Peer 1: 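First the structure, which I've put down as structure tokens, then a few questions once you've had a look.
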Amino acid sequence: MMEYPWELKKNGRADPRYKMEQTPDLTFLATYLKTSDAEALQKHVNHIWSAARASLHVYRCIDRGAFLYPRLPNHESYATVLLAALSSGNPLPRIADIGCCFGADVRRLLLDGHPPENITAIDLHDGYWKLGHQLFKDEAPLVDSFFADMAVEVDSNGGPYTQFIGKFDVVYSIAVLHVLSQRQSENLIKRVYGMLAPGGTYFGNCVGNKEAQDWAKTPNGGLESRFLQSKKSLTEILTRLGFVNVKVVEVNVPIVGTGDNNVGLVDQNGNAKGPNGEPENENLKAIRLNIVHLMYSARKT
């Protein structure tokens, strides 16, 4: 077995700053690659994760190994909308994945039987998507893809985004809204509304807070802070922008750390540094949170 299967090494030794936070679930990857060689799989994952660490912004979920398996099945709309469509006898939905990352959810859809021509993978840039092809050892293009900032202001000019107006029956965004500012979140939801055909469904999940609030700088290094939606604030935005059948559900989750679970330090990437105490430097700030996960779904009229 590898001595440090989930750590980057520096001068032949494990670098404690870059250690995967938990042993990841390799079940989906092993099934996709049709392998039972656990050691070879660990080495392969470590290589890809190290490459991401070396060249890309690494979100907390990536350090937890969540890029290795689909998270789409955790949402109730996966079964009620996407799986149900496969047996409905109706034309299969046109689907957009916003925040596709390494593409585990896209590959789950393909394995389920959704045709590749019905799926579009979308993200801010193609860095993770390209690493996804290396991770899953498949060839590009897997499905249509589009890489641009979907959270920019929605205006009448449209630009390259006009190709998506009214195109999709289903749009989902898994673990996206909490890395955006309040302004960006609203822009994204407004754009999703425009992307959906009449009657189309939007769903996803995000980290939230009992009370909506800013929490850390956005990953692009801008002046805006990321924004944690609450059940109330997200419901209000979806409703105000025209969605109906809006459903936002809170799922309680523990915050990293010990002691007071509602107090922690975060760096500018939003990574928790531990409970209580004063910031150690200018890049850390004390925050008081009451973290929840938000599962949401809505329909375009």
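Since the structure is predicted, the reported quantities are computational estimates derived from the model, not experimental observations.
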Peer 1: With side chain to side chain donor-acceptor pair (under 3.5 Å) as the test, would you mind laying out the steps for N205 and Y296 before giving the verdict?
Peer 2: CA-CA 6 Å; N205 63 29; Y296 57 88; over 6 Å; no
Peer 1: Run the side-chain contact (heavy atoms from CB on, under 4.5 Å) check on H44 and I48 step by step: do they pass?
Peer 2: CA-CA 6 Å; H44 175 58; I48 300 299; 4.1 Å; yes
Peer 1: Is there a donor-acceptor pair under 3.5 Å between the side chain of H178 and the backbone N or O of Q229?
Peer 2: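 No; zero donor-acceptor contacts below 3.5 Å.
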Peer 1: Any non-hydrogen side-chain atom of I122 less than 4.5 Å from a side-chain atom of F147?
Peer 2: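 With C-beta onward as the side chain, the pair stays apart.
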Peer 1: Do I237 and S185 come within less than 4.5 Å of each other through their side chains, counting heavy atoms only?
Peer 2: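 Answer no - side chains too far apart.
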Peer 1: Atom CG of D105 and atom CG of L110: how far apart are they, to the nearest 0.5 Å?
Peer 2: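 Spacing of CG (D105) from CG (L110) equals 11.0 Å.
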Peer 1: Would a 4.5 Å heavy-atom cut-off, applied to side chains only, mark Q213 and S230 as touching?
Peer 2: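 When only atoms from C-beta onward are counted, S230 and Q213 do not touch, as no gap falls below 4.5 Å.
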Peer 1: Would you check if I174 and Y172 make a side-chain contact, meaning some heavy-atom pair closer than 4.5 Å?
Peer 2: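 Yes - at least one pair of side-chain heavy atoms lies under 4.5 Å apart.
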Peer 1: K247: which residues meet the salt bridge (Lys or Arg N to Asp or Glu O under 4.0 Å) condition with it, sequence neighbours left out?
Peer 2: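 With sequence neighbours excluded, K247 shows a salt bridge (Lys or Arg N to Asp or Glu O under 4.0 Å) to E76, given in chain and number order.
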Peer 1: Compare every heavy atom of P93 with every heavy atom of N118, then report the nearest pair and how far apart it is.
Peer 2: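 Where N118 meets P93 most closely, the heavy atoms are ND2-O, 3.3 Å.
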Peer 1: Distance from L68 atom CG to W49 atom CH2, nearest 0.5 Å?
Peer 2: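 Going from CG on L68 over to CH2 on W49, the span is 11.0 Å.
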Peer 1: May I ask whether L238 and V244 are part of the same hydrophobic cluster, defined by side-chain heavy atoms of I, L, V, M, F, W, Y residues being less than 4.5 angstrom apart, directly or through others?
Peer 2: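 L238 does not cluster with V244.
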Peer 1: Determine the interplanar angle of the F203 and H75 rings, folded into 0 to 90°, and report it as parallel if under 30°, tilted if 30 to 60°, perpendicular if over 60°.
Peer 2: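 Correct class here is tilted.
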Peer 1: If every non-hydrogen atom of G113 is compared with every non-hydrogen atom of L92, which pair is closest and at what distance?
Peer 2: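 It is O-CD1, 4.3 Å.
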Peer 1: In Å and rounded to the nearest 0.5 Å, what is the CZ to CD distance from F102 to Q134?
Peer 2: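 Answer for the CZ-CD pair, F102 versus Q134, is 9.5 Å.
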Peer 1: Please check if V176 and F227 belong to a single hydrophobic cluster, counting links between Ile, Leu, Val, Met, Phe, Trp and Tyr side chain heavy atoms closer than 4.5 Å.
Peer 2: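 Result: no, two separate clusters.
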Peer 1: Taking C-beta and beyond as the side chain, do N209 and I291 meet within less than 4.5 Å on heavy atoms?
Peer 2: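 Yes, close enough: below the 4.5 Å cut-off.
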Peer 1: A side-chain contact here means heavy atoms from C-beta on lying under 4.5 Å apart; do P24 and F67 qualify?
Peer 2: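 No; the side chains remain at least 4.5 Å from each other.
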Peer 1: Heavy atoms, side chains only, cut-off 4.5 Å: are V249 and K231 in contact?
Peer 2: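 Counting from C-beta outward, V249 and K231 never come under 4.5 Å.
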Peer 1: With L228 as reference, evaluate L294, V292, V207, L234 under the side chain to side chain contact (heavy atoms under 4.5 Å, CB included) test and give the passing residue.
Peer 2: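 When side chain to side chain contact (heavy atoms under 4.5 Å, CB included) is applied between L228 and each of L294, V292, V207, L234, only V207 qualifies.
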Peer 1: Quick one, D123 and C101 - any side-chain contact, counting heavy atoms below 4.5 Å?
Peer 2: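 D123 vs C101: side chains touch.
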Peer 1: Closest heavy-atom contact between V58 and A52?
Peer 2: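 Closest approach of V58 to A52: CG2-O, 3.7 Å.
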Peer 1: Find out if a path of hydrophobic residues (ILVMFWY) with successive side-chain heavy-atom gaps under 4.5 Å connects L86 to I95.
Peer 2: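 Looking at the clustering, I95 is in the same group as L86.
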Peer 1: How long is the gap from CZ on R299 to OG1 on T301, to the nearest 0.5 Å?
Peer 2: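 Reported to 0.5 Å precision, the distance equals 7.5 Å.
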Peer 1: Taking 4.0 angstrom as the limit, do E211 and K232 come out as a salt bridge?
Peer 2: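 So E211 does not pair with K232 through a salt bridge.
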Peer 1: After noting the C-alpha distance and the side-chain angles of V152 and R191, does the key distance pass the side-chain contact (heavy atoms from CB on, under 4.5 Å) rule?
Peer 2: CA-CA 9 Å; V152 295; R191 189 172 302 284; 3.5 Å; yes
Peer 1: For A197 and D169, which heavy atoms make the closest approach, and how far apart are they?
Peer 2: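 The pair with the smallest heavy-atom distance is CB-OD1, 4.1 Å.
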Peer 1: L196 and side chain to side chain contact (heavy atoms under 4.5 Å, CB included): which partner among V170, V171, I165?
Peer 2: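 Running side chain to side chain contact (heavy atoms under 4.5 Å, CB included) over V170, V171, I165 with L196 returns exactly one hit, V171.
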Peer 1: Rounded to the nearest 0.5 Å, what's the gap from CE on M150 to CG on L124? Could you check?
Peer 2: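 M150 CE to L124 CG: 10.5 Å, rounded to 0.5 Å.
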Peer 1: I need the single residue from V143, V106, L109 that forms a side chain to side chain contact (heavy atoms under 4.5 Å, CB included) with H114. Which is it?
Peer 2: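 Of the listed residues V143, V106, L109, the side chain to side chain contact (heavy atoms under 4.5 Å, CB included) partner of H114 is L109.
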Peer 1: Looking at every non-hydrogen atom in both residues, tell me the closest pair between G127 and L56 and how far apart they are.
Peer 2: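 What the structure gives for the nearest pair is C-CD1, 3.8 Å.
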Peer 1: Check step by step if ring pair (Phe, Tyr, Trp, His ring centres under 6.0 Å) holds for F146 and F164.
Peer 2: CA-CA 10 Å; F146 178 76; F164 297 133; 4.9 Å; yes
Peer 1: For Y69 and T27: C-alpha separation, side-chain torsions, deciding distance, then whether side-chain contact (heavy atoms from CB on, under 4.5 Å) applies.
Peer 2: CA-CA 8 Å; Y69 52 86; T27 306; over 6 Å; no
Peer 1: Mind checking what makes side chain to side chain donor-acceptor pair (under 3.5 Å) contact with T235, not counting sequence neighbours?
Peer 2: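 If we apply the side chain to side chain donor-acceptor pair (under 3.5 Å) test to T235, skipping adjacent residues, there are no hits.
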Peer 1: Show, in sequence, the C-alpha distance, side-chain angles and deciding distance for T201 and K300, and conclude whether the side-chain contact (heavy atoms from CB on, under 4.5 Å) test is met.
Peer 2: CA-CA 6 Å; T201 297; K300 181 176 180 176; over 6 Å; no
Peer 1: Evaluate the criterion salt bridge (charged side-chain N to carboxylate O under 4.0 Å, His left out) for residue pair E117 and R94; output intermediate values, then yes/no.
Peer 2: CA-CA 8 Å; E117 61 270 20; R94 299 160 297 172; over 6 Å; no
Peer 1: Does the E186 side chain pair with the main chain of R183, one donor and one acceptor, at a distance under 3.5 Å?
Peer 2: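 No; judged by distance alone, with no hydrogens or angles, the pair does not exist.
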Peer 1: Could you tell me whether R108 sits above the aromatic face of F28, with NZ or CZ closer than 6.0 angstrom to the six-membered ring centre and within 45 degrees of the axis?
Peer 2: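 That pair does not qualify as a cation-pi contact.
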Peer 1: So is R107 actually on top of W129's ring, under 6.0 Å and inside 45° of the axis?
Peer 2: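 Cation-pi check for R107 and W129: passes.
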Peer 1: So that I can tick it off, tell me whether K210 and E250 are bridged by a salt bridge, with the cut-off set at under 4.0 angstrom between side-chain N and carboxylate O.
Peer 2: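 Looking at E250 and K210, the cut-off is met.
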Peer 1: Are more than 12 heavy atoms, taken from residues, nucleotides or ligands other than H47, located less than 6.0 Å from that residue's NE2 atom?
Peer 2: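 No - once you tally the heavy atoms of other residues, nucleotides and ligands closer than 6.0 Å, there are 12 at most.
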Peer 1: With sequence neighbours excluded, tell me which residues meet side chain to side chain donor-acceptor pair (under 3.5 Å) with T31.
Peer 2: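 Here no residue qualifies.
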Peer 1: For N74 versus M295, what's the shortest heavy-atom pair and its separation?
Peer 2: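 In terms of heavy atoms, the two residues are closest at O-CE, 4.1 Å.
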Peer 1: Could you state the interatomic distance from CD (E224) to CG (L180), rounded to the nearest 0.5 Å?
Peer 2: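 Those atoms lie 9.5 Å apart.
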Peer 1: In terms of hydrophobic clusters joined by side-chain contacts under 4.5 Å, are V192 and L177 together?
Peer 2: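 The answer is yes; both residues are in one hydrophobic cluster.
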